[in-house]
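Please read the structure below before turning to the comments.
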Amino acid sequence: MKFELPVLPYAKDALQPAISEQTLEFHHGKHLLAYINKLNELVEGTRFKGETLEAMIRSADGAIFNNASQTWNHIFYFETFSPKGGGEPKGVLAEAISKKWGSFEKFRQEFSDAAVSLFGSGWVWLVESRDRSLSIINESNAGNPLREGHIPLLTFDVWEHAYYLDVQNRRADHIKGLWNIIDWNIVAGRVIKD
Ligand code: MN
């Protein structure tokens, strides 16, 4: 079975001004599609044909890892947002954030700083470990924390293609806007359940 471009759970203009319609047209409709098409091509005739994206992220290297991970990362990223997003998490996730960072505001600051200062292209992640602790992790290029056994809860894409059409080189301005479109119910749904 071939991987296909998932339909976005919102209209392409629904996340403005945080992410413009034009950026979504390119980022989802061209960048993500290109990773998916490339991955379908690459797995032909290899042991990865028919495997899940997660299996490829855990055990592939080189181009198959890069394209599988970029596919997974983008789907996860786009699924996090909602035009009704923003605010703060509630419940178990809010408690875990307070336990680690003292307050949501301190977590947001640290996550934003990590995203702004990540050198080059990559992803910043909020992850949960098996011991239920939370961490912020920077990954370069196609990096994905599943590879180290962490559970991804939230990610920001800091590749320039994620924001250049909207704010050019001002990555910090883009990061600021993303907090207004995070659907915390979706993020909370990713927390490990007993
Ligand atoms: Mn991207």
Side-chain angles (χ1 to χ4, degrees), residues 2-43 52-54 56-58 60-83 85 111-127 136-148 150-183 186-187 190:
K2 286 190 181 300
F3 293 104
E4 288 180 9
L5 184 69
V7 176
L8 288 171
Y10 38 75
K12 288 232 167 66
D13 62 357
L15 302 182
Q16 302 190 105
I19 301 176
S20 71
E21 179 174 14
Q22 194 192 18
T23 287
L24 271 185
E25 272 167 10
F26 277 87
H27 200 184
H28 175 265
K30 297 191 190 296
H31 287 278
L32 173 53
L33 180 63
Y35 293 125
I36 293 171
N37 289 342
K38 189 70 191 172
L39 181 64
N40 283 328
E41 248 177 72
L42 288 167
V43 297
T52 61
L53 293 174
E54 289 84 354
M56 295 183 217
I57 289 167
R58 290 192 178 100
D61 287 301
I64 292 183
F65 168 78
N66 285 334
N67 286 278
S69 197
Q70 284 294 79
T71 297
W72 194 100
N73 294 358
H74 282 93
I75 293 171
F76 183 87
Y77 168 80
F78 289 127
E79 280 176 351
T80 305
F81 301 130
S82 159
F111 195 92
S112 295
D113 289 348
V116 170
S117 63
L118 195 156
F119 185 78
S121 296
W123 302 80
V124 58
W125 301 83
L126 171 65
V127 302
I136 294 169
I137 292 183
N138 281 357
E139 297 272 4
S140 292
N141 302 319
N144 183 309
L146 286 171
R147 208 159 156 106
E148 294 97 48
H150 301 298
I151 307 300
L153 302 181
L154 171 71
T155 193
F156 285 178
D157 183 347
V158 299
W159 285 57
E160 282 187 343
H161 67 221
Y163 58 88
Y164 216 82
L165 292 172
D166 295 351
V167 293
Q168 294 74 52
N169 60 324
R170 301 187 309 279
R171 187 192 288 179
D173 289 352
H174 169 71
I175 298 302
K176 212 169 161 185
L178 293 181
W179 296 101
N180 299 323
I181 54 170
I182 296 171
D183 186 332
I186 290 175
V187 179
R190 295 164 173 163

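FYI, the numbering just counts along the sequence from 1. Every number for a ligand or one of its atoms is a count from 1 in the order of the listing.
The closest side-chain heavy-atom distance from Met56 to Asn67 is not below 4.5 Å. In this structure the side chain of Phe81 reaches within 4.5 angstrom of the side chain of Ile182, judged on heavy atoms.
Between the NE2 atom of His161 and the NE2 atom of His74, the angle centred on the Mn ion (ligand 1) amounts to 130° when rounded to 10°.
Sorting the N, O or S atoms of Asp157 by how far they are from the Mn ion (ligand 1) puts OD2 first.
The main-chain N or O of Val158 is never found under 3.5 Å from a side-chain atom of His174 such that the two would form a donor-acceptor pair.
In terms of heavy atoms, Ile36 sits closest to Phe3 at CG2-O, 3.3 Å.
For a distance bound of 2.8 Å, the N, O or S atoms of His27 include one lying that close to the Mn ion (ligand 1).
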